[in-house]
Structure formats: C-alpha cells, structure tokens
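To start, the structure under review is shown below, and the notes come after it.
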2 protein chains.
Amino acid sequence: MAANILLVEDEPAIQELIAANLGRAGHHVVRAGDAETAQRIVRDALPDLVLLDWMLPGMSGIELARRLRADERTRAIPIIMLTARGEEQDKVAGLEMGADDYITKPFSPRELVARIKAVLRRRAPQATEDAVELGGLSLDPATHRVFAGEQPVTLGPTEFRLLHFLMTHPERVHSRAQLLDQVWGDHVFVEERTVDVHVRRLRAALEPVGHDGLIQTVRGSGYRLSAQPAVAGV
Amino acid sequence: MAANILLVEDEPAIQELIAANLGRAGHHVVRAGDAETAQRIVRDALPDLVLLDWMLPGMSGIELARRLRADERTRAIPIIMLTARGEEQDKVAGLEMGADDYITKPFSPRELVARIKAVLRRRAPQATEDAVELGGLSLDPATHRVFAGEQPVTLGPTEFRLLHFLMTHPERVHSRAQLLDQVWGDHVFVEERTVDVHVRRLRAALEPVGHDGLIQTVRGSGYRLSAQPAVAGV
DNA sequence: GTGACCTGTCACAAAATCGTCAATTTCCTG
DNA sequence: CAGGAAATTGACGATTTTGTGACAGGTCAC
C-alpha cells in the first residue's frame, strides 16, 4: 500500500518528523513548504494524497484545499488536514471545504499512518469508468470485460488497458512513446518495441472474433484504432 | 440527512447538551447512560450511528465498540468516539478498535454535526436486507442461510458477508481494497491478501454444490461474481 | 476448562503475464 | 529491383500475481 504523498508543512522540524515516519511506513513523500509550491507539485505529480497543514504562510491551507477541489484533475485527491488543538473553526471549515479527514497536532505516528491508510482505501472508485462501444466491440471497465458482439474476448491486463485507451481515443494515430505514457504510465522504463508486441497480442485476441483490421499500423508513426478499413476498396 | 443516532454518555449535562444540538440538526437521538443499555438498544433499534463516550462506568466505551464490531449485525454501524483531551492512547486504540472517527472534548456543536455528516456520507450504501437470488444460488440475510437450489451451503460469517456483497454487486470487478472496505469495514487493518484466502474458502464451499466458476479472478484487478462463465464455453 | 469453529498471516507452489531479443517479413525509396 | 528501415513474430527467462495448505490465536458454547 505504498503511496505518493505530498506533505505541505512550513515548519522544517515537523516536516522532517512526519516525512521520516511516512517513509518508514513505505510511502514516498514529496514536501512543500508553502501552498503555492504545493499547488504546483500537485498539478505536476498528482500525488495519491495530500497532507495539509492548515496554518501556512501566504496562501492558507483552506484556500489551497478549495483550489484543489475546484480543479477537475485534482478534485479526487484525498486531503488530510493537520490542525493545532482548539482550532475548532478550521476543522469545520476544512471538512466543509472537502478535507477527507483531519488530525490534531500533536499526534502519534501510528495514528497518522493509520488514518492515511484508511483514507487511501476509502478512495472512491473512479466515476468516469463508462463502458465504451465501437464498431461491434464493447469494453466495460467496471466488469473488466470485452465483447465482440456476443463473444467474450480474453485479454491480459496490459492488453486490456491498451485496448481501452485506443477505444477511447479512436481514429487517431498514437506514437509508441505516447502509448507508453498513457497505457504504461510515464514513469516506466520500457523499450518502445514492447508496444509492438502488445499490439500484436491484442490483434491476436481480436482476430478470431472478426476484428482483424481494427488496429492499424501507420508506418513510421505508430498505431491507430479505427472502425474504417485501412485502405479503401480492394 | 436525518439519521437515528444513539448517544452513549453518562454525564447528564453533556448528554442533554449534545442531544439538543443533534436534535436541532435534524437527527433523531436515542440516549443511553451506560454501555450495557447501549448494547441492548443497538441490537433492538439498529441506529445509523453511535456517538460513544470513551469513559463510562462499568463496561468501557472501548469494550462496547469491540462488541459491536464483533457482532454480525452491528458491525457496519459507524462509531464516533468522544474523548477527553490528551487521551492519545485512547485515540489509537479506538481507531484500531473500529471507531470511524473521534472528537476531542470539549468540542463545538458545529464540529460535531460536521463530523457526523462526514461519517454518514462516506458510509457505503447499505446492501438490502432482502434475500438475494442469482443463478440458482440464493442467500437470505434474515435467516442467514445460503442455498444452492435445494442444497444448503455452510459458510462462516466472513464468507457469508463476502458472498452477500458479491451477490448484491454482481458482474462488477471489486479490488481487494474495495472488498475490505465493504465486507470488513473501512476501519479494520487487514492485509489485502486475506481477501484471497476468504475467496478461496468461499469457492471451496461453493464448488461441491456446482458453482465453481461463480467467483472469478480478474488478474491485476480483483474478483468478480458472475453467472456468466469467464470464457465462452468450448 | 475444553473442544469446535473462525480468522488473519505466512511461506511456498503454481500460473499468468511481461519485456526483450533476434530472426523474418513488409514496405518504402531510389 | 536492391537496400535498408520499420514492423511482425515466435520464443524465452524473469517477474508479478494468485492459489494453497498450515498454523497460531481467539471466541464461544458447553
């Protein structure tokens, strides 16, 4: 259950302490000393969770939380706020602002880790997981199933993600690099040729159910999923 | 968001104060002055949430929480504990015992109401108490029985709840984390692989009565209950 | 007590999937 | 049509994910 956590805390001592504890719990921690930096990091790195001190120099924690909630891409990221004792107003405001939880300073490392774990696990399943249908082929992320008409298609996890991406971005040519970013994740280190292999496996799974020409090769550029045949006529 | 709330608090003055505030917030409040009474009320009335003072005469709040978590029927009821300042030990113990949240006394009415709202909101939509039937398999929460056609199936409590959840949410793929949330509750600290073990036990119980392929593994994602075979029949 | 369950975790076995490579084939350019 | 770049393919060892059996505690009804 390792996770990327952004810690927003201005006091170096506390920052250090928390980071050490989270690190020991197996999490990867990125730190920010102020809200502006934090905002930038969130946009760039999209952490799994934000640990947010409520009292910050400059932009307040509340304001940052509000902004994160306002942005489409960062809306789903859970926020745990750190408050000093007795800041009753803040707690209420924070919860209403969309914080998922709060912890009152001082807190024990165990409590912090326990709360993080709970929040991460509670994360709602993505809402934008609609089924895709295209040219007689349907794919449903919720059930994790693919059908060619009535016939089920069996795919490995990677092929499934690849097909999902292609079906949600049809007709466009995607370079191998783009596919690696989108399907594998932009942090992995994998040969570009690997894409070829998975495309091949995907084609092999689609061909027996009458979808051969579906994934087309664009020489020198990449691949494209298209309901239209690659070449007119013939 | 009106809810039935059981307030367990021995000090009449505080009891009165809290009850008044909750009532103003639109909740229906039932009160108990000690843990024994509370336990009885919970079994009878099945409130939506329990507000539990940690310091009680006789049976402690922790003990009550433990018992509620141990009982099949009351396990899912959220618990918010009320603690005095500085009782750090209690917080950790409480959270591990299954409390969904805690509030440090003294607290503001606004905060209390906000916390209650948050806890109720994140509670998973409760499965119906109606009997479920699916592909020759029937499960009745009321009688706590499972039948495969005419044949009774014997299950342990956890397997029963697991099957219940899967039957009420068929076809969908559930990650181990989601199953832990929904079946074990989001407050427990259990390894994800434990899910595997219980799935195995469930499969073992279902297989001799002709329901082998019912629970399917979706590699890399989780498990799925489906009347449809994973792969088209050969 | 005590014996019959249940539970959560491990360590290990079994399976499925992955990423690479090298050999081939295909396709474009001159 | 030759040459060479680009893509396809089949094979394979490495890695990751699941399935299993065993086990140490804990609970509960006798």
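The chains referred to below are lettered A, B, ... by the order of the sequence lines, with proteins before strands, and numbering in each begins at 1. All values derive from a computational prediction rather than experimental measurement.
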(message) How many whole angstroms separate atom CG of L202(B) from atom P of dT20(D)?
(response) 13 Å
(message) Under the side chain to side chain contact (heavy atoms under 4.5 Å, CB included) test against Y223(B), which residue among R176(B), Q216(B), Q178(B) passes?
(response) R176(B)
(message) For nucleotides 7-18 of chain D, give me one character per nucleotide, 5' to 3': B if any protein heavy atom sits under 4.0 Å from the base, S if the only such contacts are to the sugar-phosphate, - if neither.
(response) BBBBB----BBB
(message) Closest-nucleotide mapping onto DNA chain C: is H198(A) or T194(B) further toward the 5' terminus? I mean the 5' end.
(response) T194(B)
(message) Minimum heavy-atom separation for G135(A) and H211(A), please, with both atom names.
(response) O-CE1, 3.2 Å
(message) Could you check whether T143(A) and E171(B), counting side-chain N and O atoms only, form a donor-acceptor pair closer than 3.5 Å?
(response) no
(request) Give one of base, sugar-phosphate or nothing for E159(B), where a contact means two heavy atoms less than 4.0 Å apart. (result) sugar-phosphate
(request) Say whether H174(B) and Q182(B), considering side chains only, have a donor N or O and an acceptor N or O under 3.5 Å apart. (result) no
(request) Please find the earliest and latest nucleotides of DNA chain C, in the 5' to 3' direction, that have an atom within less than 4.0 Å of any heavy atom of chain A. (result) dT17(C) to dC28(C)
(message) For Q15(B) versus A32(B), what's the shortest heavy-atom pair and its separation?
(response) NE2-O, 3.7 Å
(request) Check the pair R145(B) / S138(B) against side-chain hydrogen bond (donor to acceptor under 3.5 Å, both in side chains), numbers first and verdict last. (result) CA-CA 8 Å; R145(B) 289 215 161 115; S138(B) 63; over 6 Å; no
(request) Look at the side chain of R224(B) and the backbone N and O of R172(B), then say whether any donor-acceptor pair between them is shorter than 3.5 Å. (result) no
(message) Measuring from atom CG of L52(B) to atom CD1 of I80(B), what distance do you get when rounded to the nearest 0.5 angstrom?
(response) 10.5 Å
